[in-house]
Enquirer: 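Below is a structure I'd like to ask you about.
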Amino acid sequence: MKKTFTINISGTVFHIEEDAYEKLQNYLLKLKNYFGNDDEGKEIIADIETRIAELFLEKAKGEPSVVVIGWVDEVIRIMGTPEDFIEQEGEEEPLAGTAKRKRRLYRDPDHRVIGGVCGGLGAYFNMDPVVLRIIFVVLLLINGIGLLAYLILWIAVPKAVTTAQRLEMRGQEVNITNIQKSIREEVDEVKESYQKFRASDKYAKGQEGVSKFGDVVYNVLKVTLRVLVVFFGVMLILTGFFGLIGFLSTLIIGHSFVSSWPLLWSPEFHMPEIMNHFVNPGSLTVGIIAIAVLVGIPLLAVLFVGTKMVFRYKSNNAFIGLGMVGLWLVALLTLVFVSAGQIGNFKNRTSLSSSETINCNSCQTLYLELGEDKYDSYGEADFDMERFKMVSVDGKNILIGQPRLNVEKSGTDDFSVVVRKRARGKDQDEANSNIQDIVYRYVAKDSILTFDPYFLLGNESKWRDQTVDITVKVPEGKTVFLGEKLVEIIYDIENVSNTYDADMVGKYWTMKPEGLTLKGAAAPADSLTHLN
């Protein structure tokens with residue numbers, strides 16, 4: 001009993017006995033060491049392995065068989081060994097090179113005009129392929145049979161792809177010597193053709209043309225790149241210069257005279273005055289300086305980079321650059337420290353509520369309206385914060401906030417209004433003081449309640465998250481009418497139909513046990529005239 005292995009030779013799987021496997025492996029290893037590991041050597045080894053696979057298949061005669069050591073010995077005898085080839089190198093005509101064997105018909109891809117049929121027939125019959133081509137053309141002109149014969153041979157005859165097939169096509173023995181010789185002849189032929197091409201005038205002219213074309217492309221790209229660099233440099237100069245001027249003018253006088261320019265600093269407010277509404281006076285100056293450095297240094301850097309791109313000057317700016325970066329980091333840390341100090345001003349929160357009963361015992365319906373916006377004609381600063389805005393009154397910016405209106409069920413038989421004010425502070429006393437500074441008004445006249453659209457902060461008060469919440473208490477069985485303009489201040493009014501706040505205005509709502517319920521359509525335009 002012998003151990004067997006499964007091997008793959010040139011894409012074909014064989015079962016081989018252990019002693020045959022070792023001998024075949026040693027044989028292939030010698031060939032690889034002899035022919036080397038370059039591309040030519042790899043091609044020779046590949047063709048040798050293809051021929052070995054063909055010989056094994058001939059031995060097996062198409063039936064599953066195990067390769068034995070006798071088969072390997074016969075293959076080595078047919079193919080030859082590197083030692084045999086070395087012994088023949090000194091001879092003028094190597095014996096293996098002149099050995100003949102039965103020719104096989106293939107199409108010759110190396111000497112083809114169309115499909116290589118005539119080249120293969122010429123090699124098979126040892127004739128000049130030109131003669132055969134003439135015969136096919138004559139037959140084509142006489143009765144067209146030449147074309148049919150050519151097409152049949154083109155389809156039926158295989159193409160000589162491997163070196164072994166090319167040797168068989170010429171009737172030469174397929175062994176190591178002839179495989180190596182054939183491949184080297186092909187390589188030498190390619191090298192000779194390439195050298196002739198390089199020595200020709202066409203190659204020199206083509207190389208010169210390519211060189212000139214490359215120079216033209218290089219110069220065009222160089223000029224284009226330079227134009228783009230200058231363009232972007234000019235844009236950076238404009239952005240840095242006018243941005244710096246716009247920022248400084250905004251910081252100092254509160255108005256940027258380059259606000260209409262794109263990509264520039266363009267807010268229309270006086271920064272120190274704006275910050276005065278949020279920051280304590282002791283920290284305001286430090287914060288302004290820190291902001292000026294944080295914004296100014298990047299703008300100066302943009303201006304500097306732009307001038308370098310346009311004028312291409314050299315500068316030893318390492319020390320200056322590091323100094324500017326250090327100053328910017330100091331400003332950033334300063335601003336963070338100042339901001340952290342201001343967070344303490346929001347530590348505590350308190351609220352204060354006041355309630356007023358509406359003197360209208362006979363009223364079954366209470367009309368809620370929004371008063372006139374007294375600040376509509378004043379200019380608004382470029383500033384926006386939730387439910388707050390800043391307006392300029394007599395040259396001074398003031399903060400005004402929107403209250404929030406809700407409607408709930410009353411526990412008594414009277415209408416009433418509850419106003420709850422909230423504010424924050426660093427302690428309870430400061431929070432209470434901030435609440436006392438909130439100014440909000442509404443007017444009750446007969447069955448009409450008119451609410452101011454905004455509440456004010458005190459002249460010296462800072463923003464400390466102040467809010468004003470208004471709750472109108474409606475007795476069960478009575479009705480309220482929500483004016484159209486109330487959409488500005490109503491906030492999440494609960495109702496039986498889950499109607500959105502914006503859809504509740506202009507309608508009558510009755511307080512029932514289950515909650516606020518839509519009574520009817522919107523009131524006519526003159527519905528309130530009888531009350532005046």
Side-chain angles (χ1 to χ4, degrees), residues 10-11 39-40 42-55 57-58 78-80 85 88-89 91-203 206:
S10 189
D39 292 338
E40 181 181 335
K42 289 179 180 178
E43 185 176 357
I44 293 172
I45 294 298
D47 285 331
I48 291 173
E49 289 182 352
T50 301
R51 181 55 181 163
I52 291 174
E54 291 176 354
L55 293 173
L57 289 174
E58 290 176 4
I78 295 172
M79 298 298 296
F85 179 73
Q88 296 173 4
E89 281 186 341
E91 300 179 12
E92 186 175 346
E93 294 290 338
L95 296 176
T98 59
K100 299 295 182 181
R101 63 169 292 170
K102 186 177 178 180
R103 297 174 188 265
R104 294 185 63 178
L105 182 58
Y106 290 98
R107 287 185 288 116
D108 188 359
D110 297 328
H111 302 90
R112 67 185 178 90
V113 174
I114 299 176
V117 173
C118 293
L121 289 172
Y124 187 79
F125 294 108
N126 199 20
M127 295 175 58
D128 191 341
V130 177
V131 176
L132 294 171
R133 291 187 184 108
I134 293 174
I135 293 174
F136 274 106
V137 172
V138 171
L139 293 175
L140 173 64
L141 295 177
I142 293 176
N143 52 15
I145 195 173
L147 178 60
L148 179 60
Y150 191 90
L151 292 176
I152 292 174
L153 290 171
W154 194 354
I155 296 171
V157 177
K159 183 170 64 173
V161 178
T162 65
T163 303
Q165 290 172 342
R166 293 188 181 95
L167 291 173
E168 288 179 329
M169 182 178 64
R170 293 192 290 268
Q172 296 179 348
E173 189 70 27
V174 183
N175 54 31
I176 296 175
T177 304
N178 287 334
I179 289 175
Q180 184 186 33
K181 180 181 177 182
S182 178
I183 290 176
R184 286 185 174 175
E185 286 177 353
E186 292 175 6
V187 172
D188 292 340
E189 185 178 350
V190 172
K191 288 181 179 179
E192 183 179 357
S193 299
Y194 177 69
Q195 290 173 357
K196 288 181 179 179
F197 172 68
R198 292 201 60 178
S200 64
D201 294 337
K202 291 183 179 180
Y203 177 82

Enquirer: Can you list everything that forms a side-chain contact (heavy atoms from CB on, under 4.5 Å) with Lys42? Sequence neighbours excluded, please.
Expert: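 Lys42 satisfies side-chain contact (heavy atoms from CB on, under 4.5 Å) with Asn37 once adjacent residues are dropped.
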
Enquirer: Given 3.5 Å as the limit, does a donor-acceptor pair link the side chain of Tyr124 with the main chain of Gly119, or not?
Expert: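 Looks like no, no N/O pair under 3.5 Å.
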
Enquirer: Measure the CG-CG distance between Leu141 and Leu147 for me, rounded to the nearest 0.5 Å.
Expert: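 Answer for the CG-CG pair, Leu141 versus Leu147, is 11.0 Å.
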
Enquirer: Considering residues at least two apart in sequence or located in another chain, which fulfil the side-chain contact (heavy atoms from CB on, under 4.5 Å) criterion with Val130?
Expert: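 For Val130 the side-chain contact (heavy atoms from CB on, under 4.5 Å) partners, ignoring immediate neighbours, are Asp128, Arg133, Ile134.
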
Enquirer: Using the rule given for side chain to side chain contact (heavy atoms under 4.5 Å, CB included), can you reason through Tyr150 versus Leu139, listing the C-alpha separation, both sets of side-chain angles and the distance that settles it, and then say yes or no?
Expert: CA-CA 10 Å; Tyr150 191 90; Leu139 293 175; over 6 Å; no

Enquirer: I need the minimum non-hydrogen distance between Cys118 and Phe136, along with the two atoms involved.
Expert: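 Cys118 and Phe136 have their closest heavy atoms at SG-CD1, 3.6 Å.
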
Enquirer: Any side-chain heavy atom of Leu121 sitting closer than 4.5 Å to one from Met127?
Expert: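 When only atoms from C-beta onward are counted, Met127 and Leu121 do not touch, as no gap falls below 4.5 Å.
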
Enquirer: Any idea which heavy atoms bring Leu105 and Gly120 closest together, and the distance?
Expert: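 Minimum heavy-atom separation between Leu105 and Gly120: CD1-O, 3.8 Å.
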
Enquirer: Rounded to the nearest 0.5 Å, what separation is found between the CD1 atom of Ile52 and the CG atom of Leu57?
Expert: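 So the gap between those two atoms works out to 12.0 Å.
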
Enquirer: Can you tell me how far the CD1 atom of Ile152 sits from the CD1 atom of Ile145, to the nearest 0.5 Å?
Expert: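 One gets 8.5 Å once the value is rounded to the nearest 0.5 Å.
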
Enquirer: What closest approach, in Å, do Arg107 and Val117 show between heavy atoms, and which atom pair accounts for it?
Expert: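 Heavy atoms only, the tightest pair is CD-CG2, 3.8 Å.
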
